[in-house]
Amino acid sequence: MTDTSRTSSGVPAEPGHDEAKLEFTELDWRRFIASLGENPDRSGLRETPMRVAKAWKHWASGYGQDPAEILKVFEDGAERYNELIVVRGIPVYSHCEHHLAPFFGTATIGYVPEGRIVGLSKLTRLVDCFARRLQVQERLTSQVAETLMHELQPKAVGVIIRCRHLCMESRGIRTPGEETITSAMLGELQTNLGMRAELLALAREK
Ligand code: ZN
């Protein structure tokens, strides 16, 4: 649970990865493959360092994005709307900062607008912007909530994220398929327990 008094919109954008950096990581991945005892020159692996470097450029592309910019254009039209707007099933694909292993699942975002509303595509992009960084699920959850609170200034924001973590599942610490659930409730959702229960129930439904 996060504190409403914080107005930060999360981690600031960082400059994108340039080609020189990509080439460097390509060499690094070649070294990594060799360190596994593999021959990086065998045909199946020859292109792998470049492919991995390119894949990571995508998986880390959130560092080059400004979350405030994503939410800049919003629509008016909810002046008299005083109920929760809930969007479920927003895809989450991220990597844990402890093992660089994927964690993935879905996000549920609920908010009570103060005049301004945002489209589904923007919520998806906002989640991507923070998910395409090295993350822990708890921080991802609060960054999405705090950015929405800061940029949209709604009466309430709640974010619930459910993910499977391959670093835990694949190493047998957890039961396969088990989900980690995190939530951040801001504004009226901190005090309105009925609204909070409604949102949590909606997020639980498959
Ligand atoms: Zn991990």
Side-chain angles (χ1 to χ4, degrees), residues 1-3 6 8-17 21-22 24-38 40 44-45 47-67 70 87-109 123-148 157-186 199-200 203-204 206:
M1 307 292 158
T2 35
D3 180 356
R6 281 174 61 190
S8 153
S9 65
V11 183
E14 288 174 24
H17 299 226
K21 217 166 169 183
L22 184 64
F24 179 70
T25 55
E26 189 186 345
L27 276 174
D28 291 336
W29 285 114
R30 198 186 141 82
R31 243 178 260 130
F32 172 73
I33 289 166
S35 79
L36 300 175
E38 272 283 3
L45 290 174
E47 304 293 323
T48 299
M50 177 47 100
R51 281 195 292 256
V52 178
K54 277 188 176 158
W56 269 102
K57 197 177 175 185
H58 173 75
W59 291 330
S61 59
Y63 290 110
Q65 292 169 5
D66 178 2
I70 292 168
V87 180
R88 299 192 297 180
I90 298 166
V92 176
Y93 293 100
S94 193
H95 288 83
C96 84
E97 66 184 24
H98 303 127
H99 305 91
L100 307 188
F103 67 92
F104 60 94
T106 54
T108 299
I109 298 178
L123 294 178
T124 305
R125 281 179 60 205
L126 181 67
V127 170
D128 280 344
C129 163
F130 288 117
R132 290 175 187 168
R133 303 175 185 204
L134 299 184
Q135 274 291 7
V136 295
Q137 189 179 323
E138 293 82 351
R139 187 174 61 228
L140 172 62
T141 308
S142 59
Q143 283 175 334
V144 172
E146 283 167 18
T147 304
L148 277 168
V157 170
V159 176
I160 298 142
I161 296 183
R162 310 159 55 131
C163 283
R164 292 175 59 181
H165 290 249
L166 290 195
C167 58
M168 293 191 272
E169 279 189 31
S170 65
R171 296 184 310 147
I173 299 168
R174 288 197 164 188
T175 319
E178 193 181 330
E179 289 176 319
T180 300
I181 303 174
T182 48
S183 64
M185 304 287 177
L186 302 176
L199 181 60
L200 287 168
R204 248 190 315 270
K206 289 270 182 183

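Numbers here are sequence positions counted from 1. Order of appearance sets the numbers: ligands from 1, and atoms from 1 within every ligand.
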Please answer whether the main-chain N or O of Gly177 pairs with a side-chain N or O of Glu169 as donor and acceptor at a distance below 3.5 Å. yes

Straight-line distance of [X] [atom1] to [Y] [atom2], nearest 0.5 Å:
X: Ile70; Y: Cys129; atom1: CD1; atom2: SG; answer: 4.0 Å
X: Asp128; Y: Ser61; atom1: CG; atom2: OG; answer: 7.5 Å
X: Arg133; Y: Leu140; atom1: CZ; atom2: CG; answer: 10.0 Å

Hits for salt bridge (Lys or Arg N to Asp or Glu O under 4.0 Å) against Arg31, two or more places apart or cross-chain, chain-then-number order -> Asp28

Using 30° and 60° as the class limits, which term best fits the ring planes of Phe103 and His165: parallel, tilted or perpendicular? parallel

Within a distance under 2.8 Å of the Zn ion (ligand 1), the protein atoms of type N, O or S are Cys96 SG, His99 ND1, Cys167 SG

